[in-house]
There are 2 protein chains.
Amino acid sequence: MTIGGIPDHPAECAGINEVLARVGDKWSVLVVMLLRDGPRRFNQLKRDVAGISQHMLTLTLRGLERDGLVTRTVFPTIPPRVDYELTPLGHSLRAPVEALGKWALAHQSAIKAAQRSFDARKNA
Amino acid sequence: MTIGGIPDHPAECAGINEVLARVGDKWSVLVVMLLRDGPRRFNQLKRDVAGISQHMLTLTLRGLERDGLVTRTVFPTIPPRVDYELTPLGHSLRAPVEALGKWALAHQSAIKAAQRSFDARKNA
DNA sequence: CAGGATCCATTGGGATACTG
DNA sequence: CAGTATCCCAATGGATCCTG
């Protein structure tokens with residue numbers, strides 16, 4: 001069986017699910033999007049992501065780095081400085097993610113309406 | 001601040017994150033894709049999704065139904081029969097999701113290579 | 001400044017058993 | 001057949017404190 005031309009046999013399916021899990025985690029996409037205009041420092045990201053704990057920012061950046069989506073550059077100055085920057089692979093992820101974001105934006109009112117309607121029916 | 005033309009101020013950003021969370025959950029996307037060719041019954045989905053527990057299938061379908069992506073139709077026969085079918089909204093989600101799936105498929109070998117390289121550096 | 005270490009609450013999700 | 005109910009474990013993620 002295939003999914004829209006995408007084979008879903010064990011190996012490929014698992015790979016795709018891993019990617020979807022990364023995209024679906026709470027912060028990865030947001031961080032990728034904030035890096036689209038160039039390198040950012042750790043605390044700069046921490047401020048801009050607004051709401052993320054430094055623990056989760058660290059984990060998110062490690063995950064993205066491990067997947068080859070982000071590079072980590074340490075400047076051995078005092079105080080230390082670390083820049084994070086999208087790799088070409090990271091940049092290539094932006095297009096499909098933005099497509100999904102636009103879908104979300106375009107339909108979020110419809111979704112919320114559906115939720116209200118569903119909840120109303122449930123409470124009846 | 002905006003993300004690729006998408007405003008990320010509190011309200012919109014939260015809405016987008018909810019959608020991404022749904023897409024990122026373990027089963028929703030898979031179920032949506034399996035429904036692309038028409039209605040399916042509960043146990044039919046349970047077989048095809050291969051690996052999902054009936055508990056999670058139920059939760060996933062309820063979530064999709066609540067968001068207006070799927071309709072649930074009960075046929076009051078014995079034994080009971082319930083069909084699930086994508087709504088137009090559900091179908092419209094396929095395009096961006098498939099784009100993401102194709103990205104995943106296209107780059108999964110690069111990602112795995114990056115992971116191996118990262119893990120190797122770490123263990124050195 | 002950048003992050004490691006630790007502790008803790010919440011959630012996701014699987015297994016099993018039961019029901020109309 | 002299509003669920004619901006219950007139990008339980010693992011993963012997620014936040015808060016706080018500590019350090020080179």
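Just so it is clear, the structure is predicted and the values come from calculations on it, not from any experiment. Proteins get letters first, then strands, A, B, ... in listed order; numbering begins at 1 in each.
Salt bridge status for A:Asp119 with A:Arg116: absent, with no side-chain N to carboxylate O gap under 4.0 Å.
Under 4.0 angstrom from either OP1 or OP2 of C:dG3 there lies at least one side-chain N or O belonging to A:Arg62. Phosphate contact (OP1/OP2 of D:dG3, side-chain N/O of B:Tyr84, threshold under 4.0 Å): present. OP1 and OP2 of D:dC1 both lie 4.0 Å or more from every side-chain N or O belonging to B:Arg41. For the pair A:Lys46 and C:dG3, the criterion of a side-chain N or O lying under 4.0 Å from OP1 or OP2 is not met.
The nearest whole Å value for the distance from the CZ atom in B:Arg72 to the P atom in D:dC1 is 16 Å. Across the protein-nucleic acid pair, B:Asp48 atom CG and D:dA2 atom P stand 12 Å apart, rounded to whole Å. As a whole-Å value, the separation of A:Ile78 CD1 from C:dA2 P is 14 Å. In this structure, the CD atom of A:Glu18 is 15 Å from the C1' atom of D:dA11, given to the nearest Å. In this structure, A:Phe75 places its CZ atom 17 Å from C1' of C:dG3, rounding to the nearest Å. We find that NE2 of B:His55 is positioned 12 Å from P of D:dT6, with the value rounded to whole Å. When rounded to the nearest whole Å, the span between CG of A:Leu59 and P of C:dT6 equals 15 Å. The distance from atom CG of B:Leu61 to atom C1' of D:dG3 is 11 Å, rounded to the nearest whole Å.
Considering only side-chain atoms of A:Met56, the nucleotide from C:dG3, D:dG13, C:dC1 that sits closest is D:dG13. The nucleotide whose nearest atom lies closest to any side-chain atom of B:Arg81 is, among C:dC1, D:dA2, C:dG14, D:dA2. Taking every side-chain heavy atom of B:Thr58 into account, D:dG3 is the closest of C:dA2, D:dG3, D:dC1.
Tested against A:Leu64 for a side-chain contact (heavy atoms from CB on, under 4.5 Å), the candidates A:Thr87, A:Leu93, A:Val32, A:Leu86 yield a single pass: A:Val32.
B:Tyr84 does not carry B:Arg40 over the face of its six-membered ring by the limits of under 6.0 Å from the centre and within 45° of the normal.
Looking at B:Arg62 and B:Thr58, their side chains never bring a donor and an acceptor atom within 3.5 Å of each other.
Ranked by how close their nearest DNA chain C nucleotide is to the 5' end, A:Gln54 and B:Gly24 are led by A:Gln54.
In this structure, the side chains of A:Asp67 and A:Leu89 stay at 4.5 Å or more apart for every pair of heavy atoms.
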